[in-house]
Amino acid sequence: RRKLVPLRRKIERRENRREEKALIAAQLDNAIEKELLERLKQDTYGDIYNFPIHAFDKALQQQDAESESESDAEREEDEDDDEDVDKREFVEAEDSELSDFEDMDKLETSSEEEQEEEEEEEEKASHSKSKGKTPLKGPARRKRPHIEIEYEEETEPSTKTKTA
Amino acid sequence: GDGASPPAPERVVFPPTFSVSEIKNKQRRHFMFLRWKQQQRKEKLALKKKRRKEREALGDKAPPKPVPKTIENQRVYDETTVDPNDEEVAFDEATDEFAPYFNRQTVPKILITTSDRPRGRTVRFCEQLATVIPNSHVFYRRGLALKRIIPQCIARDFTDLIVINEDRKIPNGLVLSHLPDGPTAHFRMSSVRLRKEIKRKGKEPTEHVPEVILNNFTTRLGHSIGRMFAALFPHDPQFIGRQVATFHNQRDYIFFRFHRYIFKSEKKVGIQELGPRFTLKLRSLQKGTFDSKFGEYEWIHKRREMDTSRRKFHL
């Protein structure tokens with residue numbers, strides 16, 4: 001039959017201990033978050049997430065330094081777009097700490113949100129989940145069908161579980 | 001007996017020729033030792049405060065904080081560390097067994113099986129693993145030899161074979177074999193946590209193709225193992241799913257985690273652990289498919305040679 005190899009107690013103990021220490025040293029949650037943010041910065045996700053805050057801030061600063069009247073109209077448009085997006089994000093981030101993933105659902109539809117009308121609509125409609133905009137939302141919404149997004153409950157937000 | 005002596009005064013001065021260990025009475029010795037310890041702690045605290053005040057006083061001119069030594073800092077430099085610009089490595093990787101995967105010529109199809117007579121925990125682990133890895137199938141072999149299964153798998157277009165080895169009702173080993181005739185890696189598995197044991201409130205992983213994160217695979221060996229893992233998942237992750245499978249190597253232990261992430265803002269992301277988790281430690285890497293006797297080993301963990309230094313790692 002098959003050959004049995006006995007466990008070696010000392011080695012087992014040593015390896016377990018080393019594994020624990022490696023786990024602590026690894027700081028997995030931080031590493032994963034960092035990697036995801038890196039990927040976001042490097043634009044691997046394309047246009048799904050609409051946070052050009054960083055880029056726009058830099059652009060804004062640059063333009064402020066150069067000249068204020070130059071391409072003001074353009075800037076305003078962009079700024080408005082961006083501000084709306086930002087505002088929308090921040091509002092929702094504060095409110096929707098109860099259900100983490102609703103943010104996501106709203107933000108996912110941002111690929112077509114260059115027009116301001118849509119954004120305004122969204123701000124109003126942000127409390128009703130039925131955006132009905134992109135087919136993208138379908139599977140995402142189906143994932144969490146029962147969560148209420150009327151922010152009435154005062155329960156403690158289910159903070160992100162940083163496990164281990 | 002003596003009973004506890006009155007508490008020590010603020011500044012206890014121990015005469016210089018005094019050593020706590022010379023007192024014969026155990027109780028008194030213990031007490032004096034405690035006082036000595038407190039004394040040491042006070043001094044240490046005072047020293048720290050002084051240093052901090054000096055630091056603040058200097059302001060900007062203060063010397064930078066010394067970086068503590070960690071095992072990762074002190075790691076013995078491995079010659080086989082891959083340089084991102086290395087051409088030889090790039091060439092090798094373009095022509096090795098994973099080239100068809102990376103050239104998108106093959107689609108991963110995984111077969112998960114176990115050793116003989118799997119018990120409940122292993123069975124459940126296999127099922128959960130199958131949900132985490134897209135396009136995978138669990139198959140229970142009853143005593144069939146692996147060598148006979150392999151041709152059948154190849155005939156049915158499977159690209160990878162995973163065998164979970166079990167011992168005393170818990171999974172403790174993993175054999176990952178790339179099928180057409182690719183390398184076989186043998187791991188020791190530990191810290192297996194099924195989904196219900198993980199403290200989280202997420203739902204089950206969906207069918208979306210997850211993203212893959214491979215962290216810290218620096219050496220040549222690490223690179224090939226990393227590619228093995230990457231070849232398990234389909235090439236194009238579906239970002240809608242927002243799921244990510246992470247293989248993180250730290251000191252030769254590979255931690256596997258499966259998360260769902262959400263970007264709360266540009267600089268902040270939240271993750272929620274979903275799927276099973278486990279830790280792997282590489283035992284051996286073989287050139288061909290699974291063959292324990294006649295295989296050509298590319299790397300074996302030799303304890304006597306490789307475990308001697310605490311600062312040397314191979315992955």
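A note on names: the letters A, B, ... follow the listed sequences, proteins ahead of strands, and every chain is numbered from 1.
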Student: Hey, which of B/His248, B/Glu207, B/Lys281 has the most heavy atom pairs under 4.5 Å with chain A?
Tutor: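 Sorted descending by pairs with chain A, the first entry is B/His248.
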Student: What class does the angle between the rings of B/Phe256 and B/Phe258 fall in, given that below 30° is parallel, 30 to 60° is tilted and above 60° is perpendicular?
Tutor: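 Ring orientation of B/Phe256 relative to B/Phe258: parallel.
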Student: Heavy atoms only, distances under 4.5 angstrom: which of A/Glu35, A/Glu19, A/Arg39 has the most pairs with chain B? Name it, please.
Tutor: A/Glu19
Student: Table please: side-chain donor-acceptor pairs of residues 300-315 of chain B below 3.5 Å, with sequence neighbours left out.
Tutor:
unit_1	atom_1	unit_2	atom_2	d
B/Thr308	OG1	B/Glu305	O	3.1
B/Ser309	OG	B/Arg311	N	3.1

Student: Does B/Phe247 have its ring centroid less than 6.0 Å away from the ring centroid of B/Phe187?
Tutor: no
Student: Heavy-atom cut-off 4.5 Å, strictly under: side chain, backbone, both or neither for B/Lys268 against chain A?
Tutor: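 B/Lys268 touches chain A through backbone heavy atoms alone.
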Student: Decide if atom CZ of A/Arg8 counts as having more than 12 heavy atoms of other residues, nucleotides or ligands within a radius under 6.0 Å.
Tutor: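 Atom CZ in A/Arg8 is not packed in, count stays at 12 or less.
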Student: Locate the shortest heavy-atom distance separating B/Ile198 from B/Gly275; write the atom from each residue and the value.
Tutor: CD1-O, 2.8 Å
Student: Using heavy-atom distances under 4.5 Å, tell me whether B/Glu72 contacts chain A through its side chain, its backbone, both, or neither.
Tutor: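 When you check distances to chain A, only side chain atoms of B/Glu72 fall under 4.5 Å.
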Student: At a heavy-atom separation under 4.5 Å, does A/Lys21 approach chain B through its side chain, its backbone, both, or neither?
Tutor: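 Both parts, heavy atoms under 4.5 Å.
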